[in-house]
2 protein chains.
Amino acid sequence: MSTDLPGSPTLEDVARVAGVSRATVSRVINGIRNVAPEIQEAVNRAVATVGYVPNRAARSLVTRRAGAVALVVSGAGDERPSEARVFADPFFGRVAGGILGFLRPRAVHPVLMLAETPEARDEVIAFIRQGSADGALVVSAHGEDPLPGLLAAAGVPAVLWGRPARPVPISYVDLDQRLGAALAAGRLVERGRRRVATISGPPGLPASQDRLSGFREAMARSGHPYVPDAEGDFSVTGGESAMRRLIADHPGLDGVFAANDLMAEGALRALRDRGLRVPEDVAVVGFDDAPAAAQCLPPLTTVRQPMEEMAAEMARLLLAHVDDPGLEATSRVFRPTLVVRGSA
Amino acid sequence: MSTDLPGSPTLEDVARVAGVSRATVSRVINGIRNVAPEIQEAVNRAVATVGYVPNRAARSLVTRRAGAVALVVSGAGDERPSEARVFADPFFGRVAGGILGFLRPRAVHPVLMLAETPEARDEVIAFIRQGSADGALVVSAHGEDPLPGLLAAAGVPAVLWGRPARPVPISYVDLDQRLGAALAAGRLVERGRRRVATISGPPGLPASQDRLSGFREAMARSGHPYVPDAEGDFSVTGGESAMRRLIADHPGLDGVFAANDLMAEGALRALRDRGLRVPEDVAVVGFDDAPAAAQCLPPLTTVRQPMEEMAAEMARLLLAHVDDPGLEATSRVFRPTLVVRGSA
DNA sequence: GTGAAAGCGCTAACAG
DNA sequence: CTGTTAGCGCTTTCAC
């Protein structure tokens with residue numbers, strides 16, 4: 001007999017109740033046409049009465065689709081401590097939000113993974129090779145992250161957030177960082193600032209490098225060949241101490257470009273502590289347009305990075321690669337915009 | 001023939017190469033004894049040469065284990081916007097970190113889910129019923145979150161972060177909030193503070209309520225029956241404005257207990273802006289011992305909540321429920337400790 | 001100690 | 001338009 005123990009109802013059960021075959025039930029469940037309306041009706045009723053819900057493993061086994069993707073946070077330091085730091089960054093939150101927004105309507109679920117150690121990296125690729133996920137979405141905290149290379153070598157579908165430091169045949173989504181930096185420079189120059197400095201991000205990240213060099217080049221084009229910089233780490237406290245160093249080393253400062261909003265927030269704080277007014281004494285421009293940017297005092301003028309859209313695009317690209325394994329690696333570069341608020 | 005297309009190698013392939021049967025390979029893979037050492041050797045070699053990696057769907061189909069759990073962020077508002085906010089809170093990062101730390105060595109993966117709408121909630125329980133995950137770990141932002149009730153009704157293994165507002169037969173992990181609040185009160189009293197106020201969290205959360213009433217009761221026991229409060233929302237800016245209100249309404253204030261560190265940080269900022277010194281003029285005690293607490297100026301005296309351990313315990317409890325469906329719902333309440341730094 | 005065989009629940013040809 | 005028939009890759013009795 002097939003009326004077993006509690007085990008949740010299967011297609012077979014639904015079929016029996018509806019008085020049709022498993023195949024027909026399957027067709028109805030998967031929304032395939034060519035099924036008489038009356039039968040569809042009967043099947044749906046049967047599904048409801050037995051409380052049927054399709055078994056994902058069985059389905060995956062035959063469709064060869066997991067309906068899941070790995071959301072990998074990579075190279076953010078190592079071991080436990082890092083975990084908290086990465087997730088705590090509002091940046092990750094926005095990216096995750098954008099990805100979920102795209103994946104959800106498509107019934108694809110993100111599996112959170114950390115890839116800080118060689119073993120963890122192997123685990124990520126094994127995870128995909130064993131069919132637990134159809135591909136990987138990776139957010140690296142380091143330009144030298146070896147994961148993209150491993151993914152490419154394994155021939156696993158993957159999309160990166162940001163261009164990797166060294167070329168890898170993998171799709172990625174990025175922002176035109178240099179343009180963003182130029183926007184910031186333009187604003188500062190437009191506001192008549194002559195002694196401008198910058199607080200840069202972690203030098204290992206291509207995004208940091210591009211923002212720094214892009215800013216310097218734009219300033220140079222405007223006749224300001226010398227732009228000192230203090231290195232930060234993309235955190236509020238990092239920005240705060242960088243700003244302090246800048247104030248100490250360059251007393252006459254009247255403009256600052258911080259490579260992200262968190263550091264800009266720290267800079268604002270340091271400036272306030274020193275009794276310097278923003279934007280009167282020192283104008284400040286941030287980068288990202290993080291949620292907190294509008295809450296700063298004064299509200300932060302910043303370069304907006306459409307993170308949610310970029311994140312959604314990552315997801316879209318990944319699913320495209322999953323659907324068509326032959327697809328060439330591509331890159332999508334978004335344009336930043338300047339959001340003018342009170343700080344500059 | 002079985003030498004098909006590229007399709008990744010299966011047990012069959014390994015068996016052929018090793019010259020044994022599928023069953024034997026399976027035993028070796030799953031570390032079951034009763035296999036001659038020499039054969040184990042041969043199998044392992046074969047696994048390596050063909051690059052075998054077990055197919056998770058096939059395995060799940062028979063073992064009835066997904067090897068995954070849903071990590072649900074629930075009731076944090078609704079729709080897209082919320083997503084970013086929740087993840088951005090350092091609180092979520094630490095919890096996620098603690099969970100991952102426990103799950104990883106056990107080869108269980110967390111699938112990120114949001115449950116803000118009724119449909120999203122149904123999706124969560126369907127997700128588990130279809131075998132995509134073995135259970136749910138849920139972090140609610142609202143005491144009235146309906147998800148725990150649905151989970152319990154569906155008989156799905158689940159563990160909550162924090163006691164639900166209304167009793168639900170579900171396991172949860174919590175902190176002794178009242179003891180934590182008493183610790184804060186004790187410190188303030190010990191430092192001779194006589195005009196003490198508190199910045200409370202979202203009133204809908206049991207944790208907020210317990211910290212508030214626990215603090216008031218402890219203060220009352222020390223002879224301070226009146227403790228005004230200003231409501232915050234667990235964010236820095238919320239704490240900042242609450243502090244401003246408190247200063248305005250209660251000029252003589254000399255001590256403040258903020259229901260979390262983010263708000264304490266905001267309070268510090270508001271106090272500094274008003275030219276009040278901490279701890280000389282006003283002593284401040286926070287709650288959580290967030291990573292940023294030590295970075296504040298002055299470093300924050302706070303009530304430490306062992307979030308990572310609590311999170312790990314959630315995961316442990318969930319796996320226990322998965323292994324033994326008959327297990328009764330239990331609760332594990334952790335004890336907070338006081339971390340004395342500069343602010344009080 | 002090892003192999004043969006029976007499914008787990010589902011989808012996808014292929015007939016009819 | 002619907003049913004029959006094969007498996008997907010793996011674990012797991014049950015014999016040997």
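Residue numbers begin at 1 in each chain, while the letters A, B, ... track the order of the sequences. What you see is a predicted model, and the numbers here were worked out from it, not measured in a lab.
Between the CG atom of A:Leu61 and the C1' atom of D:dC8 there is a distance of 4 Å, given to the nearest Å. At whole-Å resolution of the value, CG in B:Asp13 and P in D:dC10 are 9 Å apart. Atom-to-atom, CG of A:Leu11 to C1' of C:dT11 comes out at 9 Å; the value is rounded to the nearest Å. Atoms CD1 (B:Ile32) and C1' (C:dG3) sit 15 Å apart, rounded to a whole Å. Going from atom CD of A:Glu38 over to atom C1' of D:dT2 covers 12 Å, rounded to whole Å. Atom-to-atom, CD of A:Glu12 to P of D:dG3 comes out at 12 Å; the value is rounded to the nearest Å. Taking atom CG of B:Asn30 as the reference point, atom P of D:dT13 lies 13 Å away to the nearest angstrom. Here C:dG9 presents its C1' atom at 12 Å from CD1 of A:Ile29, a figure rounded to the nearest Å.
Looking at residues two or more places apart in sequence or on another chain, you find a side chain to side chain contact (heavy atoms under 4.5 Å, CB included) between A:Ala120 and A:Thr117, B:Arg104. In this structure, the side chain to side chain contact (heavy atoms under 4.5 Å, CB included) partners of B:Thr24, at least two apart in sequence or on a different chain, are B:Val20, B:Ser21, B:Arg27, B:Val35, B:Ile39. For A:Arg65, the salt bridge (charged side-chain N to carboxylate O under 4.0 Å, His left out) partners are A:Asp323, not counting sequence neighbours. By the side-chain hydrogen bond (donor to acceptor under 3.5 Å, both in side chains) test, A:Asn55 is found to be paired with no residue, residues two or more places apart in sequence or in another chain being considered. Annotation: salt bridge (charged side-chain N to carboxylate O under 4.0 Å, His left out) contacts of A:Arg22 (sequence neighbours excluded): A:Glu12. For A:Asp122, there are no salt bridge (charged side-chain N to carboxylate O under 4.0 Å, His left out) partners, not counting sequence neighbours. Applying the side chain to side chain contact (heavy atoms under 4.5 Å, CB included) criterion to A:Arg129, with sequence neighbours excluded, gives A:Val156, B:Val53. Shown here are the side chain to side chain contact (heavy atoms under 4.5 Å, CB included) partners of A:Ala48, two or more places apart in sequence or in another chain: there are none.
The nearest pair of heavy atoms linking B:Gly162 to B:Tyr172 is O-CB, 3.8 Å.
In this structure, A:Phe91 and A:Trp161 have perpendicular ring planes: the angle between them is above 60°, well past the 30° mark.
In terms of phosphate contacts, A:Ser26 brings a side-chain nitrogen or oxygen within less than 4.0 Å of OP1 or OP2 of C:dT11. Put simply, A:Arg64 has no side-chain N or O that comes within less than 4.0 Å of OP1 or OP2 on C:dT11. Within the structure, a side-chain polar atom (N or O) of B:Thr24 is placed less than 4.0 Å from OP1 or OP2 of C:dG3.
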Just distance, no hydrogens or angles: give the donor-acceptor pairs under 3.5 Å from side chains in residues 131-139 of chain B, sequence neighbours left out.
unit_1: B:Ser132; atom_1: OG; unit_2: A:Arg56; atom_2: NE; d: 2.8
unit_1: B:Ser132; atom_1: OG; unit_2: A:Arg56; atom_2: NH2; d: 3.3
unit_1: B:Ser132; atom_1: OG; unit_2: B:Gln130; atom_2: NE2; d: 3.0
unit_1: B:Asp134; atom_1: OD1; unit_2: B:Ala66; atom_2: N; d: 2.7
unit_1: B:Asp134; atom_1: OD2; unit_2: B:Ala66; atom_2: N; d: 3.2
unit_1: B:Asp134; atom_1: OD2; unit_2: B:Gly67; atom_2: N; d: 2.9

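Using a 4.0 Å heavy-atom cutoff across all strands shown, B:Ile39 reaches sugar-phosphate atoms only and no base atom.
Taking five base pairs at each end of the helix from C:dG1-D:dC16 to C:dG16-D:dC1 and finding the rotation axis that steps the C1' atoms of four pairs onto the next four gives two axes whose angle is 40°, to the nearest 10°.
Of the inter-residue distances, the one linking B:Phe92 atom CZ with A:Phe92 atom CZ reads 7.5 Å to the nearest 0.5 angstrom.
Using a 4.0 Å cutoff on non-hydrogen atoms, no part of residues 45-56 of chain A comes near DNA chain D.
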Sort me out a list of protein N/O and nucleotides 4-7 of chain C N/O pairs below 3.5 Å, or just none if empty.
unit_1: C:dA6; atom_1: N6; unit_2: B:Arg22; atom_2: NH2; d: 3.2

